[in-house]
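Sequence lines set the chain letters: A, B, ... in the order given, protein chains first and strands last, and positions in each chain run from 1.
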Number of protein chains: 2
Amino acid sequence: MAVTIRDVAERAGVSVATASRVLTGSRNVSPVLAERVNTAARALGYRHNAVASALRRGRTNTVGMIVPEIGNPFFPSIVEAVERRLQESGRDLFLCDAQQDVTIERHRARALADRQVDGLIIVPVSATESRATLVEAVQRTPVVQVDRYVEEYPADWVGVNDELGVGLAVEHVVALGARRIAFVSASLDSSSAQQRYAGFERVVKRHGLPSDTPRLLGTFRAEWGRSAALQMLAEEPFPDAVVCGNDEIAIGLLGEFRRSRIRVPEDVLVTGFDDIRFAQLADPPLTTVRQPGEQLAAECIRLLDARMIDRDLPVQRVAIAPSLVVRESTGGSS
Amino acid sequence: MAVTIRDVAERAGVSVATASRVLTGSRNVSPVLAERVNTAARALGYRHNAVASALRRGRTNTVGMIVPEIGNPFFPSIVEAVERRLQESGRDLFLCDAQQDVTIERHRARALADRQVDGLIIVPVSATESRATLVEAVQRTPVVQVDRYVEEYPADWVGVNDELGVGLAVEHVVALGARRIAFVSASLDSSSAQQRYAGFERVVKRHGLPSDTPRLLGTFRAEWGRSAALQMLAEEPFPDAVVCGNDEIAIGLLGEFRRSRIRVPEDVLVTGFDDIRFAQLADPPLTTVRQPGEQLAAECIRLLDARMIDRDLPVQRVAIAPSLVVRESTGGSS
DNA sequence: CGGGAAGGGGTAAACGTTTACCCATAGGTG
DNA sequence: CACCTATGGGTAAACGTTTACCCCTTCCCG
């Protein structure tokens, strides 16, 4: 079998305790013995057994993360940022995909907890149906919600102020003269969808804009953007601007408008949300609300670490203000 | 602390052995006792400790996966497919991101092996510099390479026939009358880049096409597509067609062409590779070579399972034939 | 020089499962 | 009835670390 710490100790002529102390640096060991242990370990090709260590210490130096769907290009950006942060403290990230399914999400959460991750970062699939999973997870391990959160259960959260973000987009198109503004987003299953919708309604109301414009709620996918576009094209009057719940929807919308010879931004203004990689590559480049991924990640790890130190800390919800990125889909930079 | 199998056994009035046997189903237990154990477990909220189990059994029911960069939209699609496959056999996937860095890649591989994953699926960052990592991993656990492979080290691989795939694209534009064909791709660090380049040269040579057209090798990113486009615009003569090493490059290229009022496909034909989600949303929708993600995933798991059963199996390399998806960037469907 | 503290070493008991091994009983067979 | 096998149960030894606890020196200080 594999070489164990026992083999190392034997070859170095010390006890396993000493070997362990050298290898983990948990206590001072005389330089002579330390050197002997290190050479023995190297010579034997010793590899630390993280499972045994985890069993004994009760911690794994590992953080779990669950995202609703890794294919949604917004999530990879935040995963990458989180991973970079964790690396600084020498921890590893295990990433799981819930495939937009709360049952799978629950399985993943359990699998991670069963493996004794030191903490869990989760973007809940649903504001309501992910609650049970979250509650269970919180009892087992420190948990931080990112981007989305679960209703009626207080747990740490860090994300962008969605409500404000969509507000920025609406204000922007209003400033450009739009009056009839449509909203295309995902159905209100997730907190982001809810908050973004609320932001839209708030600003529309505040400016006394017509409220009979389309509010089309489907999914956060480009497919939905396409069909929403078709739906709007079939109806009169056509809106001055379409504010979208995320970039993918907006990109789908742009594609369909293009096909139908609707010019953006001349005939209609379009905005997105997230500022994913492809937003600036869209045709025309997409005005959108940028989520500051690095900050989100930094805050997320901070929260998680705080919770790991003290499970009884008061719940924190950190909302970071997003910023508007103006591109050609609303006429380009001022 | 948490409730252990010992607590369950006690409450059910049986030995830990019996409790374990009921809970894992490893041996027959009389229905009466089984029922008692199950109710006890439920009542106490018993959760299986996967770490302890892993230590004792030497296996974890877990597969590790490392991709060069989760932000590259091709990888999520294959990750999703792999995850679905694994789910069928009740295993979990732990995904890691190498951030395009062979050092991080090595860390991740070790972290996964240290945690006793039952197998490792890896898309190597580099054809040469990932070799050491791969060799080390293979000694510790069953490994399957996906999409890319490492040079001069025989290990299982499953991927698409890149050489053939690019060939399809070139043949396609040749059939449409293109003579001067440029190639924009990533530098030849990875096997995919190498194979795709080889496929390009082979078909160009076979048709006796001019070989003084641009061969621009940078990265697999849209950014690079942009600058390659600028480079080509600055030179005479302008090519009839540009075959790109992946979709992201092609999309960057399309963006720059659009800005420079070069019409696609009228002035130049453009093809991609991968058929990522955004290929059909590009402007114009992108003709590309589709990687059959589900098949890749299925084959990958099959290989991994075979290798888990017998470590001494001869090395297998499975190349799946890709297919061409014709869209408007080359004039649309025939 | 007595006593306490500090430093560095070892022994062995955890951590929570799984399972090899043993034992008792029941049932079948010659 | 002797013997064998099948079945279902328990005991306790792993799995590889970490660490509580103990011991022995050495050193410092009053």
*Contact class for Ser26(B) vs. all strands (heavy atom < 4.0 Å): base, sugar-phosphate, or nothing?*
nothing
Any [X] side-chain nitrogen or oxygen under 4.0 Å from OP1 or OP2 of [N]:
X	N	answer
Thr18(A)	dG10(C)	yes
Ser15(B)	dG10(D)	yes
Ser30(A)	dG9(C)	yes
Asn28(A)	dG8(C)	yes

Please give, in whole Å, the distance from [N] [atom2] to [X] [atom1]?
X	N	atom1	atom2	answer
Arg59(B)	dC15(D)	CZ	P	18 Å
Arg6(A)	dC15(D)	CZ	C1'	11 Å
Arg27(B)	dT18(C)	CZ	C1'	12 Å
Arg57(A)	dC15(C)	CZ	P	16 Å
Leu33(B)	dT7(D)	CG	P	17 Å
Ile5(B)	dC15(D)	CD1	P	19 Å
Tyr46(B)	dG16(C)	OH	P	10 Å
Leu55(B)	dA13(D)	CG	P	17 Å

*Is the shortest distance from a Lys or Arg side-chain nitrogen in Arg91(A) or Asp305(A) to a carboxylate oxygen in the other one below 4.0 Å?*
yes
_Nucleotide nearest Ser53(A) (side chain, heavy atoms from C-beta), chosen from dT18(D), dG16(C), dG10(D)_ = dT18(D)
*Side chain of His48(A) only, please: which of dT18(D), dT17(C), dT19(C) is the nearest?*
dT18(D)
_On DNA chain D, compare the nucleotides closest to Arg21(B) and Ser20(A); which residue's is nearer the 5' end?_
Arg21(B)
*Who passes side chain to side chain donor-acceptor pair (under 3.5 Å) against Arg302(B), sequence neighbours left out?*
Glu299(B)
*Return the 5'-most residue of the pair Val51(B), Gly13(A) with respect to DNA chain C, ranking by each residue's nearest nucleotide.*
Gly13(A)
*Taking the six-membered ring of Tyr149(A), is the NZ or CZ of Arg317(A) close enough (under 6.0 Å from the centre) and on axis enough (within 45°)?*
yes
*Asp114(A) and Arg140(A): CA distance, side-chain angles, deciding distance, salt bridge (charged side-chain N to carboxylate O under 4.0 Å, His left out) verdict*: CA-CA 9 Å; Asp114(A) 287 349; Arg140(A) 305 233 268 149; 2.7 Å; yes
*Check whether the side chains of Asp118(B) and Thr60(B) place a donor and an acceptor atom closer than 3.5 Å, and report yes or no.*
yes
*asked:* Under 3.5 Å, is there any donor-acceptor pair linking the side chain of Arg47(B) to the base of dG16(C)?
replied: no
*asked:* Using only modelled atom types and a 3.5 angstrom limit, is any donor from either the side chain of Arg56(A) or the base of dT18(D) paired with an acceptor on the other?
replied: yes
